[in-house]
Amino acid sequence: MPTLFLHNSLTRKREAFVPLDPTHVRMYVCGPTVYDLAHLGNARPVVVFDVLARLLRRLYPRVTYVRNITDVDDKINARAAATGEAIGAITARTTADFHADMAELGALPPDVEPAATQHIAEMIALIERLIASGHAYAAEGHVLFSVHSFADYGHLSGRSPRELLAGARVEVAPYKRDAGDFVLWKPSTPEQPGWDSPWGRGRPGWHIECSAMSWRYLGETFDIHGGGQDLIFPHHENERAQSLCAFPHGGFARLWMHNGMLLVNGEKMSKSLGNFRTVRDVLALAPGEAIRLLLLKTHYRAALDFTEAALGEARRELDRFYRALEMAPDAPASPEIPAPVLAALCEDLNTPGALAAMHALADAALGGDREAAAGLRAAGAVLGLLGADPAAWFRGGGDDAAAIEAAIAERLAARKARDFARADAIRTALASRGIVLEDGAGGTTWRRAG
RNA sequence: GGUCCGGUGGCAGAGUGGUGAUGCAGCGGACUGCAAAUCCGCGAAUGUGGGUUCGAUUCCCGCCCGGACCUCCA
């Protein structure tokens with residue numbers, strides 16, 4: 001078994017992955033704030049860390065993968081105020097939509113998916129610890145984390161508190177001791193969601209939930225913490241400060257992993273820029289599996305520029321993989337991941353390299369190598385690809401199969417009569433509906449083209 | 001301004017101090033009534049200027065270009 005190497009954002013180096021407990025790997029990944037449909041940028045970390053979780057499960061006996069749901073946030077409050085919909089309704093619906101969309105992308109659910117609002121008690125306990133140890137202070141109904149109290153602040157994001165202060169582009173609240181101090185707890189108005197606390201009725205700041213929930217489900221220290229690159233600062237820097245100050249002997253996450261941003265026309269896709277494509281928008285253009293492949297065709301740490309051309313290419317690439325599997329329809333997935341695929345994944349999750357190795361397997365499978373087909377299926381399983389029946393991939397998604405078969409039979413009769421004009425007319429008519437015919441030795445088959 | 005990341009064939013995208021993966025697209029051929037698919041073959045790339053080295057796309061420095069972050073963000 002090859003050694004798994006992963007790039008650690010904290011050390012900025014590729015490191016051999018050595019779990020704290022080789023019998024139980026623990027990973028936390030930041031999940032969505034549920035106020036709107038997921039966009040492709042939200043989907044990238046879900047897919048990337050889904051692959052990592054699948055790989056870890058193949059390498060270690062037990063994996064606990066935690067991904068939170070942020071269901072208390074001022075963006076949610078703003079949405080409720082703007083639309084009149086109740087907060088609970090917004091978060092419940094958006095969470096369900098998120099689950100449905102991620103399932104379309106072939107992402108397995110995490111082992112634990114804690115919601116922030118279900119862990120307010122843990123957050124309050126954590127904040128009390130921080131106050132007791134001098135790392136936080138209450139002021140005007142708020143509780144703030146004292147950046148000054150944590151010598152390692154800025155380590156993860158690679159900046160000094162002085163730089164952070166100089167770069168601050170937001171007005172500094174008067175109750176902050178230091179401009180870099182951030183909110184752990186803030187007061188709520190009667191209309192805003194709130195919980196009773198030692199500091200009055202209020203709600204948590206953004207970062208404390210992840211510290212609280214990773215603590216609850218993974219302990220004071222765990223193996224991997226993941227998320228998007230844009231979360232490094234302030235979210236992960238602050239989360240790390242909170243957790244390390246609350247549990248000075250814990251160590252918190254040992255390995256930090258951050259996926260690169262998703263761009264559209266060279267610009268970052270984000271809700272604030274308004275240039276985002278929701279997963280649903282893109283699912284209208286291509287199957288979820290093609291979107292998933294598109295996301296895995298680029299190494300997770302690099303920026304990925306989304307284009308519809310690339311989406312079409314991903315779909316054609318899947319056509320070839322499924323053709324290879326069709327050559328050996330009853331070949332089961334082999335128990336072992338083919339060595340070249342596993343080797344690529346163990347090199348910091350090099351999914352493009354793994355896909356290249358899969359193309360070699362597909363070539364062999366197309367040549368009749370059943371073992372290669374079985375290996376291709378196994379490789380697909382680690383990447384969360386190729387789980388469909390090839391027949392469903394090529395011919396699913398419509399209820400016109402009988403009509404198509406009838407047209408094919410008619411064309412066959414015309415061909416037998418050597419009436420090629422008639423036969424070609426039928427083929428052209430089908431092609432205009434996106435149906436491509438393939439005349440083979442065993443008869444005519446058809447598929448839907450992208 | 002500060003910090004960080006990146007610039008590879010037409011496009012996408014890996015790896016590598018010693019003849020530059022893979023896919024998509026294109027071109028030629030086989031197969032086909034014609035196609036499609038498949039197979040065989042072909043052309044095609046390391047931003048720029050220096051340095052280190054027997055040798056640099058890879059390591060170092062400058063420059064140009066692009067992107068991210070600097071308290072909404074995956």
Side-chain angles (χ1 to χ4, degrees), chain A residues 9 12 29-33 38-49 73-75 78 147 154 157-160 162-172 179-183 205-207 226-235 237-238 258-263 266-273 276 293-294 297-299 301-305 307 309-310 312-317 319-321 323-324 326-327 344 347 350-360 362-363 366-367 394 415 418-421 423-424 427-428 431 436-441 444-447 449:
Chain A
S9 304
R12 294 181 180 76
V29 176
C30 289
T33 298
H39 60 65
L40 276 181
N42 300 123
R44 172 120 97 142
V46 173
V47 169
V48 163
F49 290 105
D73 183 279
D74 285 351
K75 287 192 292 295
V147 164
S157 55
R159 46 196 102 202
S160 69
R162 191 183 307 275
E163 286 166 11
L164 295 173
L165 180 57
R169 60 184 179 187
V170 168
E171 254 182 83
V172 177
D181 291 355
F182 56 90
V183 170
W206 174 28
H207 318 296
Q229 249 164 25
D230 54 349
L231 292 184
I232 292 175
F233 191 87
H235 184 52
E237 191 69 69
N238 292 353
H258 293 97
N259 61 274
M261 295 296 96
L262 200 130
L263 312 179
E267 250 194 337
K268 186 175 83 160
M269 177 190 293
S270 77
K271 289 184 177 176
S272 54
L273 287 176
F276 61 92
L293 176 59
L294 171 62
K297 273 164 66 80
T298 300
H299 182 83
R301 292 200 294 122
L304 192 168
D305 199 359
T307 63
E313 187 177 314
R315 184 183 183 139
R316 287 189 292 277
E317 211 167 318
D319 281 344
R320 186 173 175 86
F321 283 139
R323 266 190 205 105
E326 212 168 25
M327 292 293 291
E347 286 166 18
N350 185 351
T351 51
L355 288 164
M358 285 169 66
H359 277 291
D363 288 344
L366 282 165
F394 287 120
R415 288 179 73 208
R418 304 206 54 89
D419 180 358
F420 294 120
D424 290 350
R427 185 171 63 196
T428 303
V436 176
L437 301 189
E438 295 175 0
D439 297 326
T444 298
T445 58
W446 62 279
R447 63 186 165 91

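When reading the values below, keep in mind they use all heavy atoms of this one structure, side chains included, and skip hydrogens, waters and symmetry mates. We name chains A, B, ... by the order of the sequence lines, and we start the count at 1 in each one. Quick caveat: nothing in here was measured; it's all calculated off a predicted structure.
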field: A:Arg447: side-chain contact (heavy atoms from CB on, under 4.5 Å) partners, not counting sequence neighbours
entry: A:Asp319, A:Arg323, A:Phe394, A:Val436, A:Glu438, A:Ala449

task: Using side-chain contact (heavy atoms from CB on, under 4.5 Å) as the criterion, list what pairs up with A:Asp74, not counting sequence neighbours.
output: A:Asn77, A:Lys186, A:Arg203

Mind checking ring pair (Phe, Tyr, Trp, His ring centres under 6.0 Å) for [X] and listing every partner two or more places apart, or none if nothing turns up?
X        : result
A:His235 : A:Trp206, A:His207
A:Phe49  : none
A:His258 : A:His236

statement: Writing each nucleotide of RNA chain B 5' to 3' as (, ), [, ], | or . by Watson-Crick or G-U pairing under 3.5 Å yields (((((((..(((.....[...))).(((((.......)))))....(((((..]....))))))))))))....

Rounded to whole angstroms, how far apart are [atom1] on [X] and [atom2] on [N]?
X        : N     : atom1 : atom2 : answer
A:Arg301 : B:G7  : CZ    : P     : 12 Å
A:Arg315 : B:A12 : CZ    : C1'   : 18 Å
A:Met269 : B:C73 : CE    : P     : 18 Å
A:Glu347 : B:G15 : CD    : P     : 8 Å
A:Leu304 : B:G6  : CG    : C1'   : 14 Å
A:Phe233 : B:C5  : CZ    : P     : 18 Å
A:Leu263 : B:G6  : CG    : C1'   : 11 Å
A:His235 : B:C72 : NE2   : C1'   : 13 Å

All salt bridge (Lys or Arg N to Asp or Glu O under 4.0 Å) counterparts of [X], not counting sequence neighbours:
X        : result
A:Lys297 : A:Glu313, A:Glu317
A:Glu326 : A:Arg395
A:Arg44  : none

Just the atom pairs and distances: protein N or O near nucleotides 21-24 of chain B's N or O, under 3.5 Å.
| from | atom 1 | to | atom 2 | distance (Å) |
| --- | --- | --- | --- | --- |
| B:G23 | O2' | A:Glu317 | OE1 | 2.9 |
| B:G23 | N2 | A:Glu313 | OE1 | 3.4 |
| B:G23 | N2 | A:Glu313 | OE2 | 2.8 |
| B:G23 | N3 | A:Glu313 | OE2 | 3.3 |
| B:C24 | O3' | A:Arg316 | NE | 3.3 |
| B:C24 | O2' | A:Arg316 | NH2 | 3.2 |

List, with names and distances, any nitrogen or oxygen atoms from the protein found under 3.5 Å away from nitrogen or oxygen atoms belonging to nucleotides 18-20 of chain B.
none

Using a cut-off of 4.0 Å on non-hydrogen atoms, how would the nucleic acid contact of [X] be classed: base, sugar-phosphate, or nothing?
X        : result
A:Gly41  : base
A:Leu40  : nothing
A:Lys75  : sugar-phosphate
A:His299 : sugar-phosphate

Looking only at atom [atom1], what distance separates [N] and [M], rounded to whole Å?
N     : M     : atom1 : result
B:G47 : B:C65 : P     : 16 Å
B:G20 : B:G13 : C1'   : 13 Å
B:C73 : B:C64 : C1'   : 30 Å
B:C61 : B:U3  : P     : 14 Å
B:G41 : B:U52 : C1'   : 42 Å
B:G9  : B:C5  : C1'   : 24 Å
B:U53 : B:A14 : P     : 33 Å

message: Within the 4.0 Å limit for protein heavy atoms, which parts of nucleotides 29-36 of chain B are touched? Write it as a string from 5' to 3', B for base, S for sugar-phosphate only, - for none.
response: ----BBBB

message: So which atom in A:Trp446 and which in A:Leu437 form the shortest heavy-atom distance, rounded to 0.1 Å?
response: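 The pair with the smallest heavy-atom distance is CB-CD2, 3.6 Å.
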
task: Taking all non-hydrogen atoms of both residues into account, name the closest pair between A:Ala344 and A:Gly353 and its distance.
output: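 Of all heavy-atom pairs spanning A:Ala344 and A:Gly353, the closest is CB-C, 3.7 Å.
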
side-chain contact (heavy atoms from CB on, under 4.5 Å) between A:Met261 and A:Asp230, intermediate numbers included: CA-CA 8 Å; A:Met261 295 296 96; A:Asp230 54 349; 3.5 Å; yes

- prompt: B:C73 phosphate, OP1 or OP2: any side-chain N/O from A:Trp206 under 4.0 angstrom?
  reply: yes

- request: Look at the side-chain N and O atoms of A:Thr298 and state whether any lies under 4.0 Å from the OP1 or OP2 oxygen of B:G13.
  value: yes

- line: The nucleotide from B:G67, B:G13, B:U71 with an atom nearest the side chain of A:Pro234 is B:U71

field: Side chain A:Asp181, main chain A:Val147, donor-acceptor under 3.5 Å
entry: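 Checking the backbone N and O of A:Val147 against the side chain of A:Asp181, a donor-acceptor pair under 3.5 Å is found.
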
Short side-chain to backbone donor-acceptor contact, A:His39 and A:Asn42, under 3.5 Å: yes

